[in-house]
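Taking it in order: structure first as structure tokens, then the write-up.
So that the names make sense, note that chain A is the first sequence line, chain B the second, and so on, each numbered from 1.
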There are 2 protein chains.
Amino acid sequence: MEKKTRFIYIDEVAERTGLTQRTLRFWEEKGLLPSPARSEGGIRMYSDADVSRVIRIRELRDLLGLSLSVIKEIMQVEDELTQVRLQAQQVKREEKLPYLRRSAVMLTTQIQFLGDRIARLQALQSSYAEQLACLRRHMTELEHTAAEQ
Amino acid sequence: MEKKTRFIYIDEVAERTGLTQRTLRFWEEKGLLPSPARSEGGIRMYSDADVSRVIRIRELRDLLGLSLSVIKEIMQVEDELTQVRLQAQQVKREEKLPYLRRSAVMLTTQIQFLGDRIARLQALQSSYAEQLACLRRHMTELEHTAAEQ
DNA sequence: GTCATATTTGACGTTGACGTTAATGTCAAT
DNA sequence: ATTGACATTAACGTCAACGTCAAATATGAC
């Protein structure tokens, strides 16, 4: 019972991810996406893994507003990490530990960065919330005086 | 004891905000910043209020990754809100309420937007945290087997 | 095989957000 | 009044992140 890897064309990837075909080719050209499988005639055949990678990159772009070059670095680190995981059995401990440490450091950095960003956003949000509360007080006040007339 | 409004030159604004003079002029040109006061010779004289506005815009850009045009809209709404507040006494209730309602709607929208963004970032963060935990387990495991040798 | 689509690469165009340079004016101090 | 440092506008340059168009294949249905 072999797992038939489903392949899809670039237009379906574009549809599923909400991007354009041009953007997908561009990201591939810039090294953010690995060159996908090709049909005999040279047409791009995307796997589900490819699609999820696209979605991850899109999230990094939209949520964090990062540039593609920064995203590329992040993805390279993530790739390295999964590489180390996959080669867990083949490589000796002494050679593996440094990689793991580096990955741990990178992950910690990312987590801190996100924590900081989240805190700032929450501060912004609560400032808005306060303004809204103040505004609501004004409004109810106005409605009361209007009712008295 | 009149409050002497301190004015500073554009280079000091640039220094305080971490932007360049060019960026400040550009933002002004694009309508994000109001034309500041000018000296007799036509040189820009910024007040503290101007500086805090710049900082607010910078936060919107850096934290949310918004485009300048979007930021411009947001700032216009905020300006409108403060206008309504300042004219609290002059305007009649019937004329003021619609403005307040619009501001309330805008604020609510912003708060929801931020809440959504924060939730997504937290999801991203916890996924990283999980990966890190997994990685740490691997590492301690490796150190143990290494100690046994 | 043929036809209608869809995909490929390549090249050039566009938009946003500034950087850079030049030519000229202003400020503050000596 | 002169000097040196900083400011002003205007114009052109740049870089990232795509859009658009064209000419040449590929694919899938008939």
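The distance from atom CG of B:Leu19 to atom P of C:dA17 is 14 Å, rounded to the nearest whole Å. B:Glu28 has its CD atom 7 Å from the P atom of D:dT9, to the nearest Å. Rounded to a whole Å, the CD atom of A:Glu29 is 13 Å from the C1' atom of C:dC12. Taking atom CZ on B:Phe26 and atom P on D:dA7, their separation rounds to 20 Å, with Å as the unit. At whole-Å resolution of the value, CG in A:Leu68 and C1' in D:dA16 are 8 Å apart. Rounded to whole angstrom, the span from the CE atom of A:Met45 across to the C1' atom of C:dT7 amounts to 12 Å. One can place CD of B:Glu12 at 13 Å from P of D:dC6, the figure rounded to the nearest angstrom. Rounded to whole Å, the distance from CD on B:Gln21 to P on D:dT8 is 7 Å.
Contact between the side-chain N/O atoms of B:Thr23 and the OP1/OP2 oxygens of C:dA17 is not found at any separation under 4.0 Å. Between B:Arg61 and C:dC18 there is a side-chain polar atom (N or O) within less than 4.0 angstrom of OP1 or OP2. Dashed line: the shortest gap from a side-chain N or O of B:Arg38 to OP1 or OP2 of D:dT9 is under 4.0 Å. Here A:Ser69 does not reach the OP1 or OP2 of D:dA16: none of its side-chain N or O atoms lies under 4.0 Å away. Taking side-chain N and O atoms only, B:Trp27 has no distance below 4.0 Å to OP1 or OP2 of C:dA17. For A:Ser39 and D:dT27, the shortest distance from a side-chain N or O to OP1 or OP2 is below 4.0 Å.
In this model, no donor atom of one side chain and acceptor atom of the other lie less than 3.5 Å apart for B:Tyr9 and B:Gln21. A:Thr82 and A:Asp79 share no side-chain donor-acceptor pair at under 3.5 Å.
Residue whose closest nucleotide on DNA chain C sits further toward the 5' end, between B:Ser67 and B:Gly41: B:Ser67. In terms of position along DNA chain D, the nucleotide closest to A:Lys30 lies nearer the 5' end than the nucleotide closest to the other residue of the pair A:Lys30 and A:Glu40. Comparing B:Arg22 and B:Tyr9 along DNA chain C, the residue whose closest nucleotide (by nearest heavy atom) sits nearer the 5' end is B:Arg22.
B:Leu32 and B:Ile57 get closest at one heavy-atom pair: O-CD1, 3.6 Å.
Side chain of A:Glu28 to main chain of A:Ser35: no donor-acceptor pair is present (N/O by atom type, distance under 3.5 Å, no hydrogens or angles). Of the possible donor and acceptor atoms, none in the side chain of A:Arg16 sits under 3.5 Å from a partner among the backbone N and O of A:Val51.
Distance from the side chain of B:Arg25 is smallest for D:dA7 among the nucleotides C:dC18, D:dA7, C:dT7.
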